[in-house]
Amino acid sequence: MEVRTRFAPSPTGFMHLGGLRTALYNYLYAKKMGGKFILRIEDTDQERFVEGATEVVYNTLRDCGMVWDEGPDVGGDYGPYVQSDRKDIYLPYARQLVEKGAAYYCFCTKEELDERRAAAEARGEVFKYDKHCLNLTKEEVQAKLDAGLPYVIRLNAPTSGETTYDDVVFGHLSFPNDTLDDMVLIKADGMPTYNFANVIDDHLMGITHVMRGMEYLSSTPKYNLLYEAFGWEIPQYVHLTTVMRDAQHKLSKRDGDAYYSDFIEKGYLKEALINYLALVGWNPGDDREFFTMDELVQAFDIKRLNNAPGIFDMDKLTWFNAEYIRKMPFDEYLKMVTPWFEQVLSGKNLDYRRLAELMQSRTEVFNRVPDMVKFLAEMPEYDIGLYNNKKMKTNPEVAVESLRMVKPVLEGIEDWSENVIHDTVMAAIAESGKKNGAVLWPLRIAISGLNSTPGGAFEIAYLLGKDETLRRLDVSYEKLCNNA
RNA sequence: GGCCCCGUGGUCAAGAGGCCUAAGACAUCGCCCGUUCACGGCGGUAACUCGGGUUCGAAUCCCGACGGGGUCACCA
């Protein structure tokens, strides 16, 4: 039988990384098995409707290369794929359940329920609906219905025995029935609850594997009761562990690092993000770590899904990102990094190409680039203590000598190219009998004001240009003479 | 609190009774690459939550404790 998986987000306007990973696994499994990946939008909560939120879902998924075979915008044989467009199909199914005695009308108001719930909690008990309305006779129910009283339809859950099912990730699970609540299927406004709509839709859409977050682990028995009451085949369940920020907390929006868009804005590559995300909770069984989407499809095995929650390690993601950046074709890197250069270097007329060559192996995340290159636009304030470096055998006194020696050499260079600067200065150093480091370290500090820079003295001098290099050299020389 | 799930280094993880004096990766530390930093190379530190069983033998099976998470809505 053809495998059919689905990703069913409720559009909130943002794509949470946990959700993205759920989508990813659904996609990978469907493709691996030669099946179909379906996108369904679950928007039964009209109060939470957000303008443009579905587009965020579409764009993110497409951006990452997870193309769905059926969905709201591409259609399919099992539509419509937006739950609000399907609102009329649920009630008849609920009524069918009432006929079978698997569900019943309930006229208890929300206020009454809240009251009873509060009372139960005050007594330290767990509140459970007491099946009050199940005792109503057919006539009483009809009378209330005729009177136009608001009602909900509830599942009639068994109170004894136990419900069991097998989960692909967690194995054999069993739950005592007396902990099951008579959950609401149809709300007073006539709309189905999420849980109910889910079951109906999954069945109607022929979903064979339900892959979702493990927060549904303990409500799954109730889903199964529904399938059984209808006489429908129960799908394979694949509950996915939570992606955590640390041992105690999930990734949350409060930390500003839970959404796909957060990462893209910071300068993470979607390929790196997907690659890393796939590995939180799953592994290929060997030492491979780098995967394209196609390679993930090939390697994906539902049996290798982990059953312990995984902590999202920002450091590892950053490492992946840096690796992807290094392996990126240079021209692509240049194109991507340019806007980040522009933030602090616009109007400076620098050789971005050369700068990019120097920066590519040093870029971990693009938003760190501006801070690394802004010294090229403006000489930072620095302490002359920077001239101290024992390995280079230099200190402020040595630096004064070195700068004095190198300044006229630099001034004499006509062709300000990196090679010429390099060869000329190296020759002068050799002639002077000084150590390379004793000249080059002070020179780099003098024109950059930084302890570490992308590239050494020659590269920086070249990028700065002759005038600016000499200008900075003079300023630093003065500074040194006044303080040393 | 009831019910459910989970428990290998700081993190992701391999491991499905002897191959474990427990892989690999990130992070961290050290050395090398004598113009910094980065890249790269080499090496180090670091783990089976605890206690009982079962077994000739347990990280692997069972029980308990402890720890963490989830769930108990007319939200999704």
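A note on names: the letters A, B, ... follow the listed sequences, proteins ahead of strands, and every chain is numbered from 1.
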Using the P atom in both, what is the distance from B:A13 to B:G53, to the nearest Å? 33 Å
Between CG on residue A:D246 and CZ on residue A:F312, distance to nearest 0.5 Å: 13.5 Å
Mind checking the CZ-NE2 spacing from A:R21 to A:H16? Nearest 0.5 Å is all I need. 10.5 Å
What interatomic distance, in whole Å, is found between P of B:G68 and the corresponding atom of B:A73? 24 Å
Which distance, rounded to the nearest 0.5 Å, do you find between the OG1 of A:T469 and the CZ of A:F458? 12.0 Å
I want to verify a distance call: between B:A76, B:A23, B:C74, whose nearest atom is closest to the A:Y194 side chain? B:A76
Side-chain donor or acceptor of A:R444 under 3.5 Å from a matching atom on the base of B:U36? yes
Remember a base hit wins even if backbone is also touched, and classify A:M359 as base, sugar-phosphate or nothing at under 4.0 Å, heavy atoms. nothing
A:Y58: side-chain hydrogen bond (donor to acceptor under 3.5 Å, both in side chains) partners, not counting sequence neighbours: none
Under the side chain to side chain donor-acceptor pair (under 3.5 Å) rule, what pairs show up with a residue in residues 212-225 of chain A, not counting sequence neighbours? A:Y194-A:Y216, A:N195-A:Y223, A:R212-A:T220, A:R212-A:H239, A:T220-A:H239, A:N224-A:Y237
With respect to the phosphate group of B:C39, does any side-chain polar atom (N or O) of A:R362 fall under 4.0 Å of OP1 or OP2? no
State which residues pass salt bridge (Lys or Arg N to Asp or Glu O under 4.0 Å) with A:E125; sequence neighbours excluded, sorted by chain then number. A:R123
B:C61 to B:C48 separation - C1' atoms, rounded to the nearest Å: 15 Å
With sequence neighbours excluded, residues passing ring-ring contact (aromatic ring centres under 6.0 Å, His included) with A:F7: none
Who passes side-chain hydrogen bond (donor to acceptor under 3.5 Å, both in side chains) against A:E115, sequence neighbours left out? none
Along nucleotides 2-16 of chain B, 5' to 3', which nucleotides get a B, which get an S, and which get a -, given that the test is a protein heavy-atom distance under 4.0 Å? -SSSSS---BSSSS-
Any chance CD of A:E378 has more than 12 other-residue heavy atoms, nucleotides or ligands included, within less than 6.0 Å? no
Which residue in the set A:Y268, A:Y324, A:F290 passes ring pair (Phe, Tyr, Trp, His ring centres under 6.0 Å) when paired with A:W319? A:F290
So what's B:U71 paired with, Watson-Crick or G-U wobble, going by both distances under 3.5 Å? B:G2
Separation of the C1' atoms in B:G52 and B:A46, to the nearest angstrom: 29 Å
A:F341: partners by ring-ring contact (aromatic ring centres under 6.0 Å, His included), with sequence neighbours left out: A:Y352
Nucleic acid contacts - residues 446-458 of chain A versus RNA chain B, non-hydrogen atoms under 4.0 Å: A:N451, A:S452, A:T453, A:G455, A:G456, A:A457, A:F458
Taking atom CG of A:L173 and atom CG of A:D167, what is their separation to the nearest 0.5 Å? 6.0 Å
By nearest-heavy-atom nucleotide on RNA chain B, the more 5' of A:L440 and A:Q248 is A:L440
For B:G57, which nucleotide is its Watson-Crick or G-U wobble mate, given both distances must be under 3.5 Å? none
Residues in salt bridge (Lys or Arg N to Asp or Glu O under 4.0 Å) contact with A:E121, at least two apart in sequence or another chain: none
Does A:K393 have any salt bridge (Lys or Arg N to Asp or Glu O under 4.0 Å) partners at least two apart in sequence or in another chain, and if so, which? none
Taking for A:I186 and for A:D287 the nucleotide of RNA chain B with the nearest heavy atom, the one nearer the 5' end belongs to A:D287
Give one of base, sugar-phosphate or nothing for A:A188, where a contact means two heavy atoms less than 4.0 Å apart. base
Expressed as a whole number of Å, how far does the P atom of B:G10 sit from that of B:C50? 13 Å
Strand contacts (RNA chain B) in residues 319-331 of chain A, 4.0 angstrom heavy-atom criterion: A:W319, A:E323, A:R326
Can you tell me the base-pairing partner of B:A23? Count Watson-Crick or G-U wobble geometry only, both distances below 3.5 Å, and say none if there is no partner. none
A:K391 side-chain proximity, nearest of B:U36, B:G70, B:A73: B:U36
Close residues, residues 417-433 of chain A, relative to RNA chain B [heavy-atom separation under 4.0 Å]: A:H422
Closest to the A:S361 side chain: B:A76, B:G69, B:C39? B:C39
Under a 3.5 Å cut-off for both distances, is B:G17 Watson-Crick or wobble paired, and to whom? none
When both distances are under 3.5 Å in a Watson-Crick or G-U wobble arrangement, the nucleotide paired with B:C37 is none
Do other residues, nucleotides or ligands put more than 12 heavy atoms under 6.0 Å from the NZ atom of A:K466? yes
Return the nucleotide paired to B:G43: Watson-Crick means purine N1 to pyrimidine N3 with N6-O4 or O6-N4, wobble means G-U with N1-O2 and O6-N3, both under 3.5 Å. B:C29
Apply the side-chain hydrogen bond (donor to acceptor under 3.5 Å, both in side chains) test between A:Y477 and each candidate in A:R472, A:K407, A:R404; give the one that qualifies. A:R404
Determine which nucleotide pairs with B:U49, using a 3.5 Å limit on both distances of a Watson-Crick or G-U wobble pair. B:A65
What integer number of Å spans the C1' atoms of B:U21 and B:A65? 30 Å
